[in-house]
> 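A single structure is presented below for examination.
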Amino acid sequence: MELSAIGTGFNYALTCPAQSYFPLIPSASAPTTTTRKRILNAPPQLQQHHFSKNPGMNRNHRRQVVKGVTRSPTWPDKLPFLKLEGTLKVQDLNVILRNFGKQSRWNDLSQLFDWMQQNDKISVASFSSCIKFMGKSLNPMRALEIYSNIPDEAIKSNVFICNSVLSCLVRNGKFDISTKLFHKMKQNGLTPDVITYSTLLAGCIKVKHGYSKALDLVQELKYNGLQMDSVMYGTLLAVCASNNQCEEAESYFNQMKDEGHSPNIFHYSSLLNAYSAVGNYRKAEELVQDMKSLGLVPNKVIRTTLLKVYVRGGLFEKSRELLLELEALGYAEDEMPYCLLMDGLAKAGNINEARSIFDETKEKVLNLELCSSLIFYLGKTKAHPEAFSVYTMLKYGKRTMCKALHEKILHILLSGQLLKDAYVVVKDNTELISQAAIKKFANAFMKLGNINMINDVMKVIHGSGYKIDQELFQMAISRYIENPEKKDLLLQLLKWMPGQGYAVDSSTRNLILKNSHLFGRQLIAEILSRQQMMSKALKSH
DNA sequence: CTAGGGTTAG
């Protein structure tokens, strides 16, 4: 997405009518630029009443019509009628617009908005609502387009509209674009308010160097004579927590209280989260106490975060106690707390304890999500056989497994060098496993797998459509040369190759010839010449 | 009428 596109829209929109993607009434002509300018330039109170040509239309009746249009499956049919009758005011249409948005009816919303634009039934609120919902429907491009097609500079600098555009960008991970647009908006006359800054601040949570960017915004806000509010503090705390600014989080928390804002559960949660990064359990406990004393009840997130603090701090006794508490409260229905604890234990080198957590967990909750997660954690904690046992448990439980799980377990088995199990997984799921994973498996198997199964592996991976490369053949053949008692297997492999279109390359052939006394010179020579003939025959075609 | 936030976890 290019910011320059936004710039061109400023001028473009002055000469071209706004585009409509779903023209509802082909005959309806787009409003002239001058009409639209007049309307959009009108002071807010005028905009509200501009269209009420039938001011006598009773409020209840309008409310009914709004309901009817919202509910009607063929609602666009009613629009021409509504226009002629002047039944609905702009604010009524805005209500419908918001209803569509609330119900995630993005197409309906888009159609209605286009119609409103074409029929001059539009206000600042229509724009800000519409843009907001474009952000929710993950369509920031469309929002930007709507914004850039606004013909009037004054409307374009309206703080509600600007805030909704910026929010839409931030929400969709376009922080950089939102920052650039913000500067442009200011140049074009926007006077930002607390909400503008708060919106941008939220973008700092998931962004690189978010903390320093957040500080810049806060500084600018203060320079403009604005004051931080409770929402902004909450966002700022979240920024601190996600940027490991523990002390700063603490100081903002106190500052916020000093300024008379009382923290809610989210403020506490963010600060606690900041503590968890450093495993400062004393402060964390103190904070939870403080929270309780204000009458706030620690919820699932608070308790789980506290668990994280204990785990990070290596306090496994306390962790286990808290886990029991979480269970008792019904806060442990997902695998997260177990995984947290297992993970911490494993990192601390306490694998046995981690395994016992796993065993307990297995007894309590057994769902796909959990198993998948457990497999992941067990793999990570080098408990590869346990990971595989969860996998087989799932498989024989006749559960529908997600495709990715097979490949996931394959990687785990490979890193645990459980090659025989890996072979079974590949064999049973060839079509679900990527070429890259097959290659990784094949290489590992040729290097260290059971020599008696090398040929079977070759056949299986070939059968899966994988093109076996020379490196792999060389690895296999080297294994056989190191183990001359397996000469039958070598001969079998060499005989199998030409039938599938494979032939050894010259370096491998030399390797075999050099060691041919181990396998029978005559036989080897015959097989190799057959391979060469095949290979030549293939090339000549 | 309309615009802003947030917590755990790969």
Side-chain angles (χ1 to χ4, degrees), chain A residues 44-45 47-49 66 89-99 101 122-133 135-136 143 147 155 158-171 178 190 192-206 214 217 221 228-242 249 261 263-277 287 291 298-309 311-312 322 326 331-332 334-344 369 372-373 376-377 379-380 408:
Chain A
Q45 64 273 29
Q47 287 177 34
Q48 279 184 28
H49 301 294
V66 165
K89 300 184 183 184
V90 178
Q91 58 262 50
D92 301 320
L93 291 165
N94 286 344
V95 171
I96 303 176
L97 201 69
R98 289 199 299 276
N99 285 341
I122 200 147
S123 68
V124 167
S126 328
F127 278 101
S128 51
S129 294
C130 179
I131 291 170
K132 175 178 101 173
F133 287 120
K136 289 204 170 158
Y147 178 67
I155 302 296
N158 175 285
V159 71
F160 284 91
I161 295 182
C162 289
N163 288 346
S164 61
V165 175
L166 294 173
S167 155
C168 169
L169 292 170
V170 163
R171 216 189 268 272
S178 72
L190 165 71
D193 64 5
V194 193
I195 296 188
T196 319
Y197 288 105
S198 182
T199 302
L200 292 167
L201 198 64
C204 299
I205 295 172
K206 297 167 209 116
L217 286 166
L221 164 126
M228 299 260 288
D229 66 7
S230 156
V231 171
M232 265 201 98
Y233 272 113
T235 314
L236 190 54
L237 287 170
V239 173
C240 290
S242 65
H261 305 289
N264 65 21
I265 197 132
F266 292 105
H267 297 104
Y268 277 102
S269 178
S270 288
L271 183 54
L272 193 61
N273 198 21
Y275 288 151
S276 80
L287 190 71
M291 194 186 133
N299 61 8
K300 182 179 167 179
V301 175
I302 293 280
R303 284 170 196 269
T304 311
T305 311
L306 189 58
L307 179 72
K308 196 174 133 191
V309 176
V311 170
R312 292 273 162 90
L322 190 51
L326 282 162
Y331 289 162
D334 64 48
E335 69 285 359
M336 225 266 282
Y338 303 103
C339 291
L340 258 180
L341 188 45
M342 266 190 321
D343 194 33
E369 196 64 17
S372 172
S373 200
F376 175 77
Y377 278 97
K380 206 169 118 181
K408 203 191 232 178

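These numbers come from the heavy atoms of this one structure, side chains and all, not from hydrogens, waters or symmetry mates. The chains referred to below are lettered A, B, ... by the order of the sequence lines, with proteins before strands, and numbering in each begins at 1.
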> Calculate the interatomic distance between A:L221 atom CG and B:dG4 atom C1'; express it in whole Å.
12 Å

> Tell me the interatomic distance from A:L326, atom CG, to B:dA9, atom C1', rounded to whole angstroms.
14 Å

> Compare the minimum distances between each of B:dC1, B:dA3, B:dG4 and the side chain of A:S123, then state the nucleotide with the smallest one.
B:dC1

> I want to check one thing: is the phosphate of B:dG5, taken as OP1 and OP2, less than 4.0 Å away from some side-chain N or O of A:S198?
no

> Is A:S242 reaching over with its side chain to a backbone N or O of A:I205, donor-acceptor style, under 3.5 angstrom?
yes

> For the residue pair A:T235 and A:L201, what are the closest heavy atoms and their distance?
CG2-C, 3.8 Å

> Taking the side chain of A:Q91 as its heavy atoms from C-beta onward, which of B:dC1, B:dG6, B:dA3 lies nearest to it?
B:dC1

> By nearest atom, which of the nucleotides B:dA3, B:dG6, B:dA9 is closest to the A:I195 side chain?
B:dA3

> Can you check the A:N99 CG to B:dC1 P distance for me, whole Å?
16 Å

> Set out, in order, the CA-CA distance, both residues' side-chain angles and the distance that settles side-chain contact (heavy atoms from CB on, under 4.5 Å) for A:L190 and A:V159, then state yes or no.
CA-CA 6 Å; A:L190 165 71; A:V159 71; 3.9 Å; yes

> Return the nearest nucleotide to the side chain of A:T305; candidates are B:dG5, B:dT8, B:dG4.
B:dT8

> Look at the side chain of A:I205 and decide which nucleotide, out of B:dG4, B:dT2, B:dG6, has an atom nearest to it.
B:dG6

> At 4.0 Å (heavy atoms only), tell me whether A:L236 reaches a base, stays on the sugar-phosphate, or touches nothing.
nothing

> Remember a base hit wins even if backbone is also touched, and classify A:S128 as base, sugar-phosphate or nothing at under 4.0 Å, heavy atoms.
base

> Among B:dA9, B:dT2, B:dG5, which is the nearest nucleotide to the side chain of A:V124?
B:dT2

> Taking all non-hydrogen atoms of both residues, which atom of A:L236 and which atom of A:A214 are closest, and how far apart?
CD1-CB, 4.1 Å

> Once you round it to whole Å, what is the distance between P of B:dG6 and NZ of A:K300?
19 Å

> Using whole Å, what does the distance between atom P of nucleotide B:dG5 and atom NE2 of A:H261 come to?
18 Å

> If only side-chain N and O atoms of A:K132 are considered, is one of them under 4.0 Å from the OP1 or OP2 phosphate oxygen of B:dA3?
yes

> From CG of A:L322 over to P of B:dT8, roughly how many Å is that when rounded to an integer?
16 Å

> Give the intermediate values and the outcome of side-chain contact (heavy atoms from CB on, under 4.5 Å) for residues A:S123 and A:N94.
CA-CA 8 Å; A:S123 68; A:N94 286 344; 3.1 Å; yes

> Grab the CD1-P distance between A:I131 and B:dG4 for me, whole Å please.
11 Å

> Counting side-chain heavy atoms from C-beta on, which of B:dT8, B:dA3, B:dG5 comes nearest to A:T304?
B:dT8

> Give one of base, sugar-phosphate or nothing for A:N94, where a contact means two heavy atoms less than 4.0 Å apart.
base

> According to ring pair (Phe, Tyr, Trp, His ring centres under 6.0 Å), who are the partners of A:Y197, at least two apart in sequence or on a separate chain?
A:F182

> With a 4.0 Å cut-off on heavy atoms, is A:N264 in touch with a base, just the backbone sugar-phosphate, or nothing at all?
base

> Pick base, sugar-phosphate or nothing for A:V194, based on heavy-atom distances below 4.0 Å to the nucleic acid.
base

> Provide, to the nearest angstrom, the distance between the CZ atom belonging to A:R171 and the C1' atom belonging to B:dG6.
13 Å

> Any N or O donor-acceptor pair linking the side chain of A:S129 to the base of B:dT2 at under 3.5 Å?
no

> Between B:dT2, B:dA9, B:dG4, which nucleotide has the shortest distance from any of its atoms to the side chain of A:L340?
B:dA9

> Compare the minimum distances between each of B:dT8, B:dG6, B:dA3 and the side chain of A:D193, then state the nucleotide with the smallest one.
B:dA3

> For A:D229, answer base if it contacts any base atom (sugar-phosphate contacts may also be present), sugar-phosphate if it contacts only those atoms, and nothing otherwise; contact means non-hydrogen atoms under 4.0 Å.
base

> Have a look at A:S230 and say if it touches a base, only the backbone sugar-phosphate, or nothing, with a 4.0 Å heavy-atom cut-off.
base

> Could you tell me whether the side chain of A:D92 and the main chain of A:K89 form a donor-acceptor pair under 3.5 Å?
yes

> May I ask you to say what A:R98 touches in the nucleic acid, namely base, sugar-phosphate or nothing, with a heavy-atom cut-off under 4.0 Å?
base

> Taking N and O atoms by type only, does the side chain of A:T199 place a donor or acceptor under 3.5 Å from a partner on the base of B:dG4?
no

> If the cut-off is 4.0 Å, is A:N273 near the phosphate of B:dT8, judged by side-chain N/O to OP1 or OP2?
yes

